[in-house]
Each structure stands twice: as C-alpha cells, then as structure tokens.
Amino acid sequence: MPVPPAPLPHLLGAQFSTTDALRAGISRSRLRARDLTAPFHGARRTASDIRDEDKELADDSAPLASSHAAARRMRSKAKCFLTVMPPGAFICGRSAAVIRGYPVDAPTDLDVAVLSPRRAPKGVGVKGRRIEPRLVSVERVDGIPISSAASTWTMLARDLSTRQLIIVGDAIVHVPRDRYGTPHPEEADATLEQLLEAVASGRQIGVKKLRTALERIRVGSSSPLETEYRLDAEDAGLPEPVLDFEVRDDHGRLLGISEFAYPSLRVAIEVEGTTIARRESSGTAICRSTATTRQPAGMWCASPPTTSA
C-alpha cells in the first residue's frame, strides 16, 4: 500500500512557491508528490484545494453561475502565480477581463504583463506581454494586481471583434442598482469618458475597432443578451431605445425598471423580464423577448406577457 505524503505546514497555505516550501524544510521529493499540482514553474497548489473549489462551484445554481465560476477559477490561477510573480508584473488582457466577470472566454494561459522596458515574463502556463506605461493603469482586485477596466478593454481589441468589444464595453460602464432600484454610478467599473481616454492614450493594436465600438457602447445594459438585442434591433432599423428605463405611475412611484423603452410610443421591451405584470399598470405596452426567441438572422420574436389570474 502506498505511503501517503507527509502533511504540509499549515502556514504554507493551499498555494505557495517552491522557494518558500524549501525554506520551510519541505524536501524536493515532497514537492513532486501527487497531492500537489504545478500550474507554473516554481509554484504549487494542493489538489485538495482544487477539488474543494470544483465542488463549491458545482453546487452554485445562481444566475450567471458559469461566469462566476470562470472568474473564480481565474482568480485562483492568478493567486497561485502571485507566489512566483516577478516584481511589477500584473494580470492583463483576457485573464483580467475574466477575473472582472466580463463576458469573454477564459484563456488557457494566464495573461501577465510588465511595463516597458522590463522583460515580459515567460514560462509554462503564462502568456507574457510588455506594455508601454502610457497605455495602461494598474489596480488591485481581491489582492491581485490587474489592469484597470478601461485598460483591459483596449487590450481585448487584439482578440475580440467589434461587436464583442461593444458587449464587453456595455458591461464595463454598467451602473448597478440596489434592491430599491436606486442607481449607483460610483460602482461602475469605468465611464465612457475613461474608455475614450484609454483609446486616446497612444498607438495600440486594434484602435480602429475600439473607436468603432465606442460609438455604440451605452450605459444601461445589464447583460450580454440585452446588448445583443439592442444591436440587432438598431441594425434592423429600429430607433435607439432608452435603456434601464424607470417605469412610474401617475404619482411618481417606481413600478419597475424596464430593459428597453420607447417612451414616446409607450412601449417597453423586456428581455427575460420577471416583473411584467406589475408594470402593465403604468399603461405601457410590454413585449417580452428571451434568448430562445432570437432567430438565426439576428432577428428577435417578441411575445406579449402572460399574466396570472
């Protein structure tokens, strides 16, 4: 029967560098044991930590669970790399976008950048990049040094289409509302002005796509599906709707927030709306559209809401 590996010192944690482990008296052979993974050169993560994370994410049935799972896994990967990250390096590009919860596919390798003239990091599991200081600002998210929301968006131009940049841009400038329906602009990841400043900061890859995307990014979309609908509707010839529209009664009381509205026509459009019945009392016609009603040609079928007796 195989002998189980010796327990690791608690102070090492679930993610650590081999340098720290050796200083703690751990042998090199112990660092090669099967209960440890090596996602990066010189870094280790316990297999049990990965199993625990996978189980926790599998139990998550909340809305946007897949997006939350991708962000969580990317944060874990970044935190493991932190144990061996060179000074001045930071997470960037698609990896930064995934950590921030933006609708992009997670890359296989971790995108890591340094400011010029430093040398870009290399190694298994790492995609290194060197960036001119004027093109990026760096923040900390959950303890991870990461490119700012606006800087991250401009970096995505090398990988994403113009339409995808609009979708991500809408997510970045989204203004959250609290449970009472009050908007909080201070909680947006960035403003349209900050995206414009990031594009104008200097010569960079994909600047034409970024400028084109900027013209169609709007504040008020709260999901990729909503942005997809807005773009398809406008491309089909419909006028630009008011987004995140507050529906109120004759006394000014807030009845709900509609994703899209044409106030002059007294028409509101819901994309997977859930509070339609109450909003009907405002006298506004409501059309409901879901992800399953989108047609191959980019058109959408709208159906009237159903109300309970």
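All values below come from the heavy atoms of this structure, side chains included, with hydrogens, waters and symmetry mates left out.
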Engineer: Hey, could you give me the CZ/OG distance between Arg129 and Ser116, rounded to the nearest 0.5 Å?
Structural biologist: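 Output value for this atom pair is 14.0 Å.
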Engineer: Take Arg30 and Asp35, measure what salt bridge (Lys or Arg N to Asp or Glu O under 4.0 Å) needs, and give me the verdict at the end.
Structural biologist: CA-CA 9 Å; Arg30 176 65 183 88; Asp35 66 333; 2.8 Å; yes
Engineer: Starting at CZ of Arg34, measure out to CG of Leu36 and round the result to the nearest 0.5 Å.
Structural biologist: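 So the gap between those two atoms works out to 13.0 Å.
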Engineer: Under 3.5 Å, is there a donor-acceptor pair between the side chain of Asp170 and the main chain of Arg218?
Structural biologist: yes
Engineer: Run Gln164 and Val168 through side-chain contact (heavy atoms from CB on, under 4.5 Å) and show every step you take.
Structural biologist: CA-CA 6 Å; Gln164 289 171 318; Val168 176; 5.5 Å; no
Engineer: Can a salt bridge be assigned to the pair Glu187 and Arg177 using a cut-off of 4.0 Å between side-chain N and carboxylate O?
Structural biologist: no
Engineer: Can you see which heavy atom on Ala149 is nearest to which on Ala190, and at what distance?
Structural biologist: CB-CB, 4.2 Å
Engineer: In Å, rounded to the nearest 0.5 Å, how long is the span from CZ of Arg140 to CD1 of Ile91?
Structural biologist: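 Between Arg140 CZ and Ile91 CD1, I get 10.5 Å after rounding to 0.5 Å.
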Engineer: Does Arg163 pair with Asp232 as a salt bridge, N-O distance under 4.0 Å?
Structural biologist: yes
Engineer: Do Leu135 and Thr154 pass the side-chain contact (heavy atoms from CB on, under 4.5 Å) test, and can you show the C-alpha distance, the side-chain angles, and the key distance before you say yes or no?
Structural biologist: CA-CA 9 Å; Leu135 298 179; Thr154 60; over 6 Å; no
Engineer: Using the salt bridge (Lys or Arg N to Asp or Glu O under 4.0 Å) definition, which of the options Lys77, Lys79, Arg72, Arg75 pairs with Glu53?
Structural biologist: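 The residue from Lys77, Lys79, Arg72, Arg75 that satisfies salt bridge (Lys or Arg N to Asp or Glu O under 4.0 Å) with Glu53 turns out to be Arg72.
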Engineer: Among Ile166, Ile167, Leu165, which residue meets the side-chain contact (heavy atoms from CB on, under 4.5 Å) test with Leu160?
Structural biologist: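 The passing option is Leu165.
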Engineer: If only atom types and distance count, is the side chain of Arg44 paired as donor or acceptor with the main-chain N or O of Leu31 below 3.5 Å?
Structural biologist: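 It does hold such a pair.
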Engineer: Is the shortest heavy-atom distance from the side chain of Gln204 to the side chain of Met155 under 4.5 Å?
Structural biologist: no
Engineer: Enter the distance from Ser95:OG to Met74:CE here, rounded to the nearest 0.5 Å.
Structural biologist: 4.5 Å
Engineer: Is the Tyr229 to Phe260 ring centre distance short of 6.0 Å?
Structural biologist: yes
Engineer: Would you name the heavy atoms of Ala89 and Pro145 that are closest together and state the gap between them?
Structural biologist: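 Taking every non-hydrogen atom into account, O-CG, 3.8 Å.
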Engineer: Heavy-atom distance under 4.5 Å between the side chains of Val114 and Pro121, does that happen here?
Structural biologist: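 Contact flag for Val114/Pro121 side chains = yes.
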Engineer: Please check: side-chain N/O of Gln15 versus main-chain N/O of Ser76, any donor-acceptor pairing under 3.5 Å?
Structural biologist: yes
Engineer: What verdict does the side-chain contact (heavy atoms from CB on, under 4.5 Å) test give for Ile50 and Arg45, after you've listed the backbone C-alpha separation in whole Å, the side-chain angles of each residue and the deciding distance to 0.1 Å?
Structural biologist: CA-CA 8 Å; Ile50 297 175; Arg45 184 184 181 189; 3.6 Å; yes
Engineer: If you compare all heavy atoms of Val104 against all heavy atoms of Ala97, which two are closest, and at what distance to 0.1 Å?
Structural biologist: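 Reported closest heavy-atom pair: CG2-CB, 3.6 Å.
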Engineer: If we ignore angles and hydrogens, is there a donor and acceptor under 3.5 Å between the side chains of Thr83 and Ser17?
Structural biologist: no
Engineer: How far apart are the closest heavy atoms of Val98 and Ala70, and which atoms are they?
Structural biologist: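 Heavy-atom minimum between the residues: CG1-O, 3.4 Å.
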Engineer: Less than 4.5 Å apart, side chain to side chain, heavy atoms only: is that true for Ile26 and Leu8?
Structural biologist: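 Yes, close enough: below the 4.5 Å cut-off.
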Engineer: Any link between Tyr262 and Val219 through a network of hydrophobic side chains (Ile, Leu, Val, Met, Phe, Trp, Tyr) touching at under 4.5 Å?
Structural biologist: no
Engineer: Please confirm whether the backbone N or O of Ile144 pairs with a side-chain atom of Asp142, one donor and one acceptor, at under 3.5 Å?
Structural biologist: no
Engineer: Is any side-chain heavy atom of Leu195 closer than 4.5 Å to one of Ile217?
Structural biologist: yes
Engineer: Within the side chain of Ser258, is there an N or O that forms a donor-acceptor pair under 3.5 Å with the backbone of Ala261?
Structural biologist: no
Engineer: Roughly how far apart are Ser137 OG and Ile146 CD1, rounded to 0.5 Å?
Structural biologist: 11.0 Å
Engineer: Side chains of Arg28 and Leu22: does their closest heavy-atom pair fall under 4.5 Å?
Structural biologist: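 Of all side-chain heavy-atom pairs linking Leu22 with Arg28, at least one is under 4.5 Å.
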Engineer: How are the rings of Phe81 and Phe40 set relative to one another: parallel (under 30°), tilted (30 to 60°) or perpendicular (over 60°)?
Structural biologist: perpendicular
Engineer: With no hydrogens and no angle check, just 3.5 Å: does a side-chain donor-acceptor pair link Glu226 and Ser222?
Structural biologist: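 The answer is yes; a qualifying pair exists.
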Engineer: Taking C-beta and beyond as the side chain, do Leu255 and Arg248 meet within less than 4.5 Å on heavy atoms?
Structural biologist: no
Engineer: So which atom in Asp60 and which in Ala65 form the shortest heavy-atom distance, rounded to 0.1 Å?
Structural biologist: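 Heavy-atom minimum between the residues: O-CB, 3.5 Å.
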Engineer: Can we say Arg73 and Asp54 salt-bridge, meaning some charged N sits less than 4.0 Å from an Asp/Glu carboxylate O?
Structural biologist: yes
Engineer: According to a 4.5 Å side-chain heavy-atom criterion applied to Ile, Leu, Val, Met, Phe, Trp and Tyr, with indirect links allowed, do Leu231 and Val242 form part of one hydrophobic cluster?
Structural biologist: no
Engineer: Working to the nearest 0.5 Å, report the span between CG of Asp111 and CZ of Phe90.
Structural biologist: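 These two atoms lie 11.0 Å from each other.
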Engineer: Are Leu238 and Leu265 connected, step by step, through hydrophobic side chains (Ile, Leu, Val, Met, Phe, Trp, Tyr) whose heavy atoms are closer than 4.5 Å?
Structural biologist: yes
Engineer: Considering only heavy atoms from C-beta outward, does the side chain of Val207 approach that of Val199 to under 4.5 Å?
Structural biologist: yes
Engineer: Going hydrophobic residue to hydrophobic residue with side-chain gaps under 4.5 angstrom, can you get from Val138 over to Leu82?
Structural biologist: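 In one cluster: no.
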Engineer: State, without any angle test, whether Thr152 and Ser147 hold a side-chain donor-acceptor pair at a distance under 3.5 Å.
Structural biologist: yes
Engineer: Honestly curious: do Val175 and Leu196 fall in one hydrophobic cluster under the side-chain, below-4.5 Å linking rule?
Structural biologist: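 Looking at the clustering, Leu196 is in the same group as Val175.
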Engineer: Any sub-3.5 Å donor-acceptor pair from His184's side-chain atoms to Pro176's backbone N or O?
Structural biologist: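 Not at all, since once roles are kept as given, no pair shorter than 3.5 Å links the two residues.
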Engineer: At their closest point, which heavy atom of Leu192 faces which heavy atom of Leu214, and how far apart are they?
Structural biologist: O-CD2, 4.4 Å
Engineer: Using atom types as modelled and distance alone, determine if a side-chain donor or acceptor of Lys127 lies under 3.5 Å from a backbone N or O of Leu110.
Structural biologist: no
Engineer: May I ask you to decide whether Arg216 forms a salt bridge with Glu234, counting only side-chain N to carboxylate O separations under 4.0 Å?
Structural biologist: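 So Arg216 pairs with Glu234 through a salt bridge.
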Engineer: Could you go step by step and tell me if Val173 and Thr191 meet the side-chain contact (heavy atoms from CB on, under 4.5 Å) rule?
Structural biologist: CA-CA 5 Å; Val173 301; Thr191 63; 5.7 Å; no
Engineer: Going by an N to O cut-off under 4.0 Å, is there a salt bridge joining Asp20 and Arg23?
Structural biologist: yes
